[in-house]
Amino acid sequence: MNDRLDILIIYTGGTIGMIENPESHALEPFNFDHLLQNVPKIKMLDFNIEHYEFPKPLDSSDMNPDHWREIANVIKDNYDRYDGFVVLHGTDTMAYTASALSFMLENLNKPVIITGSQLPIGEVRTDGEENLITALQIAAERDADGGPMVREVAILFDNDLLRGNRSTKHSSDNFKAFKSNNFPLLANVGLGITYNREAMRRREPEGPLQVHTDMDCNVIYLDLFPGISAKTVEHILSTPNLKGVVLKTFGAGNGPTGEWFQSLLREAIKNDIVVVNVTQCVSGRVMPHKYGTGVGMSTMGVVPGHDLTSEAAITKLMYLFGLGLTPAEVKDTMQQSLRGELSAS
Ligand code: ASP
């Protein structure tokens, strides 16, 4: 009897599998075989590894909800056959994909570990080999009763395992490219892998895996800055078919108190646009009642995004509108934790 575990790698592209174009010298995505040839150590792992490759591997700056749908459907179609999944992905939009997948995969009870690298796998100092091997080991890790150790969407990068929907790309050139500023690491990798069981989502799912693939893209960021004009805000808020806005505010959730700003927001909310307040700060939460500048927004119905990352906030809006919820339901659900993406104050 073969009781080896089965892990599926889903290769979407990203620097990890890129090679240099000899003419332009720019890095471009390449196929999975090239990637595998550069990681001979993979054969030393004591589980079976198979792969699914995007027909055209991409730089993750080209990722869109169709690609998320493809990843989610591959997981759905192979869910019973494999014990864990490793998604190879570019770093640029990895935190968006991790957040989106966490919402799309309801009742997930197996590991979906997303990784990539800052240097291509073919380069001598690559971080790709270590990230890939560690991601595979984490996807295959079992707990004492034989179940999967990780049962959620997570990012493994440079020895840190982070909750996918709490992570953010914070460096374009450091090997430690991701941070989870508002949530503890799920695991640290050193000589061994130390799991933080208290932080991990390990409760029994409420039912079988459900994959939701409709993501509604009628959402937008409105990123405040001192001097932003009424014309700019008005223009953004009158985007055709707009349903949801992630308002990126100052500090603990503050914005201009001028009547022009307040009335534009009031008008948007009156037109059933859901406006969610998240902070521009890299860590911390919105506390809309702390300063007078935040109170006005909250009384008019701007939804506090608590400690959501902006990546989680925008993909959650896409997901909730994709489910067909009403604006009132979206407002309500944005404030609840669905997949461990926020801590209410
Ligand atoms: N531009 C690349 C991508 O996101 C960067 C990377 O993978 O690190 O696909």
Side-chain angles (χ1 to χ4, degrees), residues 9-39 42 51-72 74 85-102 112-136 138-139 153-162 164-181 189 215 217 221 282 309-312 314-315 318:
I9 297 178
I10 302 172
Y11 174 55
T12 72
T15 296
I16 191 163
M18 288 189 185
I19 56 169
E20 197 179 292
N21 178 315
E23 278 157 32
S24 67
H25 299 290
L27 289 174
E28 290 173 357
F30 208 60
N31 65 27
F32 187 76
D33 287 344
H34 152 79
L35 195 143
L36 220 51
Q37 278 156 20
N38 281 283
V39 198
I42 220 168
H51 76 276
Y52 170 89
E53 180 173 2
F54 266 23
K56 197 171 174 298
L58 35 101
D59 185 305
S60 76
S61 306
D62 279 323
M63 259 305 146
N64 65 44
D66 287 338
H67 301 114
W68 298 340
R69 208 167 288 131
E70 183 170 350
I71 302 169
V74 171
F85 301 86
V86 168
V87 180
L88 297 181
H89 195 289
T91 58
D92 288 349
T93 60
M94 190 181 284
Y96 287 91
T97 297
S99 299
L101 286 178
S102 77
V112 174
I113 313 297
I114 310 182
T115 195
S117 67
Q118 292 281 51
L119 281 177
I121 202 102
E123 296 222 2
V124 183
R125 289 178 51 251
T126 186
D127 51 332
E129 181 177 45
E130 204 173 298
N131 285 347
L132 172 56
I133 299 274
T134 309
L136 285 164
I138 290 173
V153 178
I155 287 182
L156 178 280
F157 219 90
D158 194 47
N159 294 332
D160 292 340
L161 186 70
L162 314 99
N165 55 33
R166 293 287 195 152
S167 60
T168 246
K169 182 172 179 179
H170 90 111
S171 174
S172 62
D173 59 4
N174 198 297
F175 282 151
K176 201 159 280 301
F178 288 88
K179 282 213 168 155
S180 161
N181 291 303
V189 183
M215 298 293 270
C217 294
Y221 281 136
V282 292
T309 61
S310 47
E311 294 92 333
I314 201 131
T315 53
M318 288 180 179

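Read the numbers this way: they start at 1 and go in the same order the structure lists the ligands and their atoms. The basis for the numbers below is simple: all heavy atoms, side chains too, and nothing from hydrogens, waters or symmetry mates.
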**Request:** Mark the output for Pro29 as yes if a heavy-atom distance to ligand 1 is under 4.0 Å, and as no if none is.
**Result:** no
**Prompt:** Do Ser117 and Asn131 have side-chain atoms, one donor and one acceptor, less than 3.5 Å apart?
**Reply:** no
**Per-atom contacts of ligand 1 with Gly14, taking only distances under 4.0 Å to non-hydrogen atoms** = 7 (O), 9 (O)
**Message:** For the residue pair Glu28 / Asn21, report whether a side-chain donor-acceptor contact shorter than 3.5 Å exists.
**Reply:** yes
**Asked** Any N or O of Ser117 that comes nearer than 3.5 Å to an N or O of ligand 1?
**Response** yes
**Message:** Please list the nearest protein heavy atom to atom 1 (N) of ligand 1 with its residue and the distance rounded to 0.1 Å.
**Reply:** Asp92 OD2, 2.8 Å
**Fill in**
When every non-hydrogen atom of Ala139 is compared with those of Val86, the smallest separation belongs to CB-CG2, 3.8 Å
**Request:** State whether the shortest distance between N or O atoms of Thr91 and N or O atoms of ligand 1 falls below 3.5 angstrom.
**Result:** yes
**Message:** Exactly one of Phe54, Phe85, Phe32 should register a ring-ring contact (aromatic ring centres under 6.0 Å, His included) with Tyr11. Which one does?
**Reply:** Phe32
**Prompt:** Going by distance alone, is a donor N or O of one side chain under 3.5 Å from an acceptor N or O of the other, for Glu311 and Thr168?
**Reply:** yes
**Item:** Lys169-ligand 1 polar pair, N/O distance under 3.5 Å
**Value:** no
**Complete:** Within 4.0 Å of some non-hydrogen atom of Thr15, the atoms of ligand 1 are 2 (C), 5 (C), 6 (C), 7 (O), 8 (O)
**Item:** Nearest-0.5 Å distance, CD1 of residue Ile113 to CG of residue Leu156
**Value:** 7.0 Å
**Residue, atom name and distance, where the atom is the protein heavy atom closest to atom 4 (O) of ligand 1** = Ser60 OG, 2.5 Å
